[in-house]
Undergrad: 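Pasting a structure here, questions to come.
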Amino acid sequence: MHPPRRRARRPGPARPSDGRPPVGRLRFLTAGESHGPTLGVTVEGVPAGLPLSSDELAVDLARRQRGYGRGARQSIEQDRAEILGGVRHGRTLGSPILLLVRNRDFENWTRVMQVEALSEAEADELAAAVADGNKRATPVTRVRPGHADLAGALKYGFGDVRNVLERASARETAARVAAGGVARALLRELGVEVWSFTAEVGGVAIDPARATRPRDVADASPLRCPDPDAEAAMIARIDDARANGDTIGGVFEVVAHGLPIGLGSYVHWDRRLDAALAAAVMSINIVKGVEFGLGFEQTRRFGSVVHDVIEGRDDSGRWIHRSNNAGGLTGGVTNGEPLVVRGAVKPISTLARALPSADLLTGRPVEKAHYERSDISVVPAAGVVGEAMVMLTLADAMLEKFGGDSLDETRDNLARYRERIAGPPADAVRAGSAVTAESGSGGDD
Ligand SMILES: Cc1cc2nc3c(=O)[nH]c(=O)nc-3n(C[C@H](O)[C@H](O)[C@H](O)COP(=O)(O)O)c2cc1C
């Protein structure tokens with residue numbers, strides 16, 4: 001006789017019907033401005049007992065800073081996340097985790113970004129800097145086409161676009177990547193690995209047949225690209241953009257291996273994992289489209305060549321698909337194949353050869369929009385942010401399904417579930433209708 005199955009103590013989130021966010025899952029909230037003293041993030045819902053160190057978090061933060069086409073800011077910052085809460089003696093406590101990523105550049109912006117109200121003397125000092133033509137101190141009013149400047153300033157009633165751009169800036173994504181590192185540590189313990197690469201820049205795409213670089217070599221290359229020939233052409237496109245005072249976009253691809261079948265659900269729109277992942281990737285400031293697997297290309301082909309033929313369950317209990325055009329999700333549920341998500345990155349909107357625009361205060365056209373030190377192309381960095389958003393979403397989905405106040409409990413729940421789905425579904429077993437390959441149905445012999 002089998003021992004009675006223990007239920008997970010925390011099998012998933014309570015889903016209140018009043019629109020409040022579900023409780024008991026992984027959540028995070030960032031704070032901080034681009035040139036302010038620090039970025040911060042609180043990560044809540046991580047089970048107790050997870051090994052975590054700031055050295056580990058530094059790896060992805062450094063990856064986010066790299067990439068051919070990035071601007072001078074990256075040579076100033078050397079991002080590290082200080083862990084200031086939720087961890088003791090190298091292991092999580094189950095309490096909220098507080099991380100700080102300091103902005104080194106703040107020392108060049110202390111008066112402009114001062115948190116305290118300006119004294120009369122400090123206000124005079126700032127006014128004198130403006131009179132001297134100090135660009136940092138001068139209020140920004142020539143709004144940049146393609147940036148958050150105009151809509152943000154009007155929405156919040158700001159006469160200085162600095163109040164918008166400081167937060168709309170993707171510097172905030174350093175805090176997301178720090179939080180993503182926590183999710184990576186959890187997912188790794190649960191057998192899930194996530195990485196990304198640059199798939200396209202300025203219309204130059206990798207050729208899958210030539211994308212032969214091993215993962216670590218691709219990751220260390222200038223554009224984090226697995227196809228060396230395509231990468232050389234991509235670099236040439238970035239150089240062209242730079243020479244013309246222009247910017248250029250592209251596509252990154254995030255891949256997750258080791259996910260169990262059954263994360264997410266088809267029963268409600270807001271429980272579909274594809275929807276949650278699309279929102280997470282789309283939330284990255286600069287991403288303008290999201291695809292899974294074959295993506296939009298599916299619309300151009302017949303169903304017979306699109307849908308992933310299901311070969312059956314192998315001896316280890318793994319379900320095999322002949323292809324993975326769906327990108328690892330069907331019905332909003334993981335299907336056991338690798339998750340493949342792509343994000344479309346638009347060209348950066350701050351151009352060295354600034355576009356014509358208008359002045360926020362006068363409403364009159366101006367010859368050139370505001371320019372401030374900027375990146376030219378950020379596809380590899382956006383890919384690392386994409387990984388973070390995917391990992392945070394997947395960690396949340398794992399905790400929704402497997403719960404657990406401690407890592408051991410989460411791991412046990414996952415292991416029991418994996419065991420259960422390695423055989424016929426439970427209701428078929430109960431009804432006595434389960435057939436096995438040995439009984440002659442579904443097998444070759
Ligand atoms: C890693 C990364 C770096 C970025 N660097 C810049 C930059 O240097 N200059 C800029 O204008 N936009 C940059 N962006 C994009 C802007 O933050 C973004 O375009 C802006 O917030 C408006 O949001 P939207 O593009 O989603 O409409 C960057 C985005 C990412 C993900």
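Basis for what follows: all heavy atoms, side chains included, without hydrogens, waters or symmetry-related copies. Remember, it's 1-based here, ligands and their atoms both numbered in the order they're listed.
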Undergrad: When you measure from the side chain of Thr334 to the backbone N and O of Gly262, does any donor-acceptor pair fall under 3.5 Å?
TA: yes
Undergrad: Which residue owns the protein heavy atom closest to atom 9 (N) of ligand 1, what's the atom, and how far is it?
TA: Ser374 OG, 2.8 Å
Undergrad: Scan for ring pair (Phe, Tyr, Trp, His ring centres under 6.0 Å) pairs involving residues 178-219, sequence neighbours excluded, and state none if there are none.
TA: Trp195-Phe197
Undergrad: Which residue holds the protein heavy atom closest to atom 20 (C) of ligand 1, what is that atom called, and what is the gap in Å?
TA: His147 CE1, 3.4 Å
Undergrad: Let's go through Leu263 and Phe402 carefully: what are the C-alpha distance in whole Å and the side-chain angles of both, what is the deciding distance for side chain to side chain contact (heavy atoms under 4.5 Å, CB included) to 0.1 Å, and is it a yes or a no?
TA: CA-CA 10 Å; Leu263 299 182; Phe402 303 111; 3.9 Å; yes
Undergrad: Nearest heavy atom to atom 23 (O) of ligand 1 wins, so pick from Asn285, Val287, Val379, Thr350.
TA: Asn285
Undergrad: Is there a heavy atom in Val385 that sits closer than 4.0 Å to ligand 1?
TA: no
Undergrad: Could you tell me, atom by atom, which parts of ligand 1 come under 4.0 Å of a heavy atom of Ala170?
TA: 2 (C), 3 (C), 4 (C), 17 (O), 28 (C), 29 (C), 30 (C), 31 (C)
Undergrad: Counting only heavy atoms closer than 4.0 Å, does ligand 1 sit against the backbone of Lys346, its side chain, both, or neither?
TA: side chain
Undergrad: Backbone or side chain, does any N or O of Thr173 fall under 3.5 Å from an N or O of ligand 1?
TA: no
Undergrad: Strictly distance-based, threshold 3.5 Å: is any side-chain N or O of Ser377 a donor or acceptor partner for the main-chain N or O of Ile238?
TA: no
Undergrad: Return a yes/no value for Asp375: is any of its N or O atoms, backbone included, closer than 3.5 angstrom to an N or O of ligand 1?
TA: yes
Undergrad: Taking heavy atoms and a distance under 4.0 Å, where does Ile348 meet ligand 1: side chain, backbone, both or neither?
TA: side chain
Undergrad: Any salt bridge between Asp105 and Arg373, counting N to O under 4.0 Å?
TA: yes
Undergrad: Pairs in or reaching into residues 338-362: which pass side-chain hydrogen bond (donor to acceptor under 3.5 Å, both in side chains), with residues at least two apart or in two chains?
TA: Thr141-Asp359, Arg144-Thr350, Glu253-Arg342, Glu291-Arg342
Undergrad: Any N or O of Arg373 that comes nearer than 3.5 Å to an N or O of ligand 1?
TA: no
Undergrad: At less than 4.0 angstrom from any non-hydrogen atom of Lys288, what atoms of ligand 1 do you find?
TA: 24 (P), 25 (O), 26 (O), 27 (O)
Undergrad: Hey, is Glu82 close enough to Arg102 for a salt bridge, meaning N to O under 4.0 Å?
TA: yes
Undergrad: Is there a polar contact, in the sense of an N or O pair closer than 3.5 Å, between Arg70 and ligand 1?
TA: no
Undergrad: Please check whether Ser169 reaches ligand 1 - meaning an N/O of the residue sits under 3.5 Å from an N/O of the ligand, judged on distance alone.
TA: no
Undergrad: Check whether any N or O atom of Ala168, backbone or side chain, sits under 3.5 Å from an N or O atom of ligand 1, and answer yes or no.
TA: yes
Undergrad: Report yes or no: does Glu372 have a heavy atom closer than 4.0 Å to ligand 1?
TA: no
Undergrad: Between Ala382 and ligand 1, does any nitrogen or oxygen pair lie at a separation below 3.5 Å?
TA: no
Undergrad: Nearest 0.5 Å please: distance from the CD atom of Glu231 over to the CG atom of Asp227.
TA: 8.5 Å
Undergrad: Less than 4.0 Å between a side-chain N and a carboxylate O, is that true for Glu372 and Lys135?
TA: no
Undergrad: Before accepting this row, confirm whether a basic side-chain N of the pair Arg162/Asp160 lies closer than 4.0 Å to the acidic partner's carboxylate O.
TA: no
